[in-house]
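Excluded from the calculations below are hydrogen atoms, water molecules and symmetry mates; all remaining heavy atoms, backbone and side chain alike, are included.
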Amino acid sequence: MGGKRKKNEGSGSDDGEEGSMKKSITKKKNKEELLPSMIKNKEKRSEVHAKAKRQKKLEKRAKANARDAAHKRALELGEKPPEKEVPRTIENTREFDETVCRPDDEELFAGNDADEFSSILKQQQTPKILITTCRFNSTRGPAFISELLSFIPNAHYFKRGTYDLKKIVEYARNKDFTSIIVVHTNRREPDALLIMGLPDGPTAHFKLSKLVLRKDLKNHGTPTSHKPELVLNNFTTRLGCRIGRLIQSLFPQAPEFKGRRVVTFHNQRDFIFFRHHRYIFETKEIKKTESKGKKDKDGKSEIVPEHKTIARLQECGPRFTLKLISLQHGTFDTKGGEYEWVHKGEMDTSRRRFFL
């Protein structure tokens, strides 16, 4: 009996050790799984968060060093270096679109040669732009129009008054204007642009947002009267190509590079960002070196500074963003006009679906 009792007591002690081991393991797991947001003490929480952030930074640096070492080793051995990893973005994971233009699309190029903008883009006709407003103008409207006149060559402003838009279109046709831009304002702020090609359209309606005038930009530049260089980015679909050609028809196709002016329309996720810059070339001193041939009075080699020309951009303004609302056949007609494309709310089914 006594022997059995001792045996049972021994087995009980073993079970107690195993239980304590399991408890300590679970405690360690719970500590590892503990998130900084679960810690109530503010100082302890910030300490744990800083430690995790530092560890993540070290891991990222170690990966970058390993990647650079592998690239250097491959170059030394004459092998092909490993390919760079491309980060996943909304742009490069966009939904498949059949209307994306291809470089070998003969149908697209044939259509471009016969569209409404071909005479201007082939330099057979000089762009002549009429700029006007809606009937109820605002305080910031004239300031925005004056800046439109500063970067669109051969643009002329006409006061709207009480004239109907159809009469303005008829007048512009008779005076050989190639486009009409209507600045719409709401609550003293420009909120929409209507760009109309003449004489046969099309008419694009854009929502205007994030407007920053030249006077509100820090260290802004003053542009010259030279014709600017036009840059259009990411207009990849059939619709985007048509909008790009409409914008292109506003500017002469013979930029004057002496003025160092650049006008950019950058499309990203169907938002068209406008920027106006000028190039600035600066000569900066890099380092000083001893010249071998020249010597000073003491017989020492003369120190000659080395210079390098650096190019940078200076923003001239204005700055704004456009969002296409509709594209209409012909000139502006609210009642009987046919639309090529209209943005509707049910189209926004995915963040990775784009139309331009």
More than 12 heavy atoms of other residues, nucleotides or ligands under 6.0 Å from [atom1] of [X]: is that the case?
X	atom1	value
Glu83	CD	no
His156	NE2	yes
Lys122	NZ	yes
Tyr339	OH	yes
Glu85	CD	no

Does a side-chain heavy-atom distance below 4.5 Å link [X] with [Y]?
X	Y	answer
Phe257	Glu229	yes
Phe265	Asn233	no
Lys284	Lys308	no
Leu130	Ile181	no
Lys56	Lys53	no
Val169	Arg173	yes
Leu356	Asp270	yes
Val183	Leu193	yes

Where do [X] and [Y] come nearest, in terms of heavy atoms and distance?
X	Y	value
Gly197	Thr331	O-CG2, 4.2 Å
Cys316	Pro223	CB-CD, 4.2 Å
Pro318	Leu213	CB-CA, 4.4 Å
Pro190	Leu211	CG-CD2, 3.9 Å
Leu250	Ile152	O-CG2, 3.8 Å
Thr203	Met196	OG1-CG, 3.3 Å

Audit row: Glu116, Arg242, salt bridge (charged side-chain N to carboxylate O under 4.0 Å, His left out) steps and yes/no: CA-CA 10 Å; Glu116 303 91 337; Arg242 192 152 171 75; 3.0 Å; yes
Do [X] and [Y] pair up side chain to side chain, a donor and an acceptor below 3.5 Å, judged on atom types alone?
X	Y	result
Ser150	Arg214	yes
Thr264	His266	no
Gln124	Ser119	no
Asp348	His343	yes

N/O donor-acceptor pair under 3.5 Å between Arg160 side chain and Thr132 backbone: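 Absent.
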Side-chain donor or acceptor of Gln248 paired with backbone N/O of Leu121 under 3.5 Å: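 Answer holds: no.
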State yes or no: do [X] and [Y] share one hydrophobic cluster built from I, L, V, M, F, W and Y residues joined by side-chain heavy-atom distances below 4.5 Å, directly or via other members?
X	Y	value
Val100	Leu327	no
Ile131	Phe158	no
Leu149	Leu230	yes
Val182	Leu324	no
Val262	Phe273	no

Find the distance between [atom1] ([X]) and [atom2] ([Y]) and round it off to the nearest 0.5 Å.
X	Y	atom1	atom2	result
Asn234	Phe354	CG	CZ	10.5 Å
Asp113	Ser118	CG	OG	7.0 Å
Leu58	Lys63	CG	NZ	12.5 Å
Phe206	Ser326	CZ	OG	9.0 Å
Phe251	Leu232	CZ	CG	8.5 Å
Gln328	Leu194	CD	CG	8.5 Å

Salt bridge (Lys or Arg N to Asp or Glu O under 4.0 Å) involving Asp216 - partner list, sequence neighbours excluded: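 With neighbours one apart ignored, the set is Arg140.
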Examine Lys210 relative to Phe320 and say whether NZ or CZ is less than 6.0 Å from the centre of the six-membered ring and inside a 45° cone about the ring axis. no
Sequence neighbours excluded, every pair satisfying side-chain hydrogen bond (donor to acceptor under 3.5 Å, both in side chains) that has a member inside residues 271-282: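 Residue pairs with at least one partner in residues 271-282: Arg261-His276, Arg278-Gln314, Glu282-Arg312.
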Please, which pairs that meet side-chain hydrogen bond (donor to acceptor under 3.5 Å, both in side chains) have at least one residue in residues 89-99, sequence neighbours excluded?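 Pairs touching residues 89-99 that pass the test: Thr89-Asn92, Glu91-Gln268, Glu91-Arg269, Thr93-Arg352, Glu95-Ser350, Asp97-Thr99.
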Run the side-chain contact (heavy atoms from CB on, under 4.5 Å) check on Phe235 and Ile272 step by step: do they pass? CA-CA 10 Å; Phe235 293 90; Ile272 302 172; 3.9 Å; yes
Would Lys207 and Asp191 count as a side-chain contact (heavy atoms from CB on, under 4.5 Å) here? Give the steps. CA-CA 6 Å; Lys207 179 185 175 183; Asp191 69 335; over 6 Å; no
Just do the side-chain contact (heavy atoms from CB on, under 4.5 Å) check on Cys241 and Arg245 with the steps written out, would you? CA-CA 6 Å; Cys241 181; Arg245 287 175 70 82; 4.2 Å; yes
Taking the six-membered ring for Trp and the single ring otherwise, decide whether the centroids of Phe274 and Phe151 are under 6.0 Å apart. yes
Stepwise, does the side-chain contact (heavy atoms from CB on, under 4.5 Å) test hold for Thr126 with Asn154? CA-CA 9 Å; Thr126 305; Asn154 203 17; 4.2 Å; yes
Could you walk me through whether Glu315 and Arg319 satisfy the salt bridge (charged side-chain N to carboxylate O under 4.0 Å, His left out) test, starting with their C-alpha distance in whole Å, then the side-chain angles of each, then the deciding distance to 0.1 Å, before giving a yes or no? CA-CA 9 Å; Glu315 191 168 0; Arg319 181 194 298 176; 2.8 Å; yes
Would you call Lys128 and Asp176 a salt bridge, using N to O less than 4.0 angstrom?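 No, this pair does not count.
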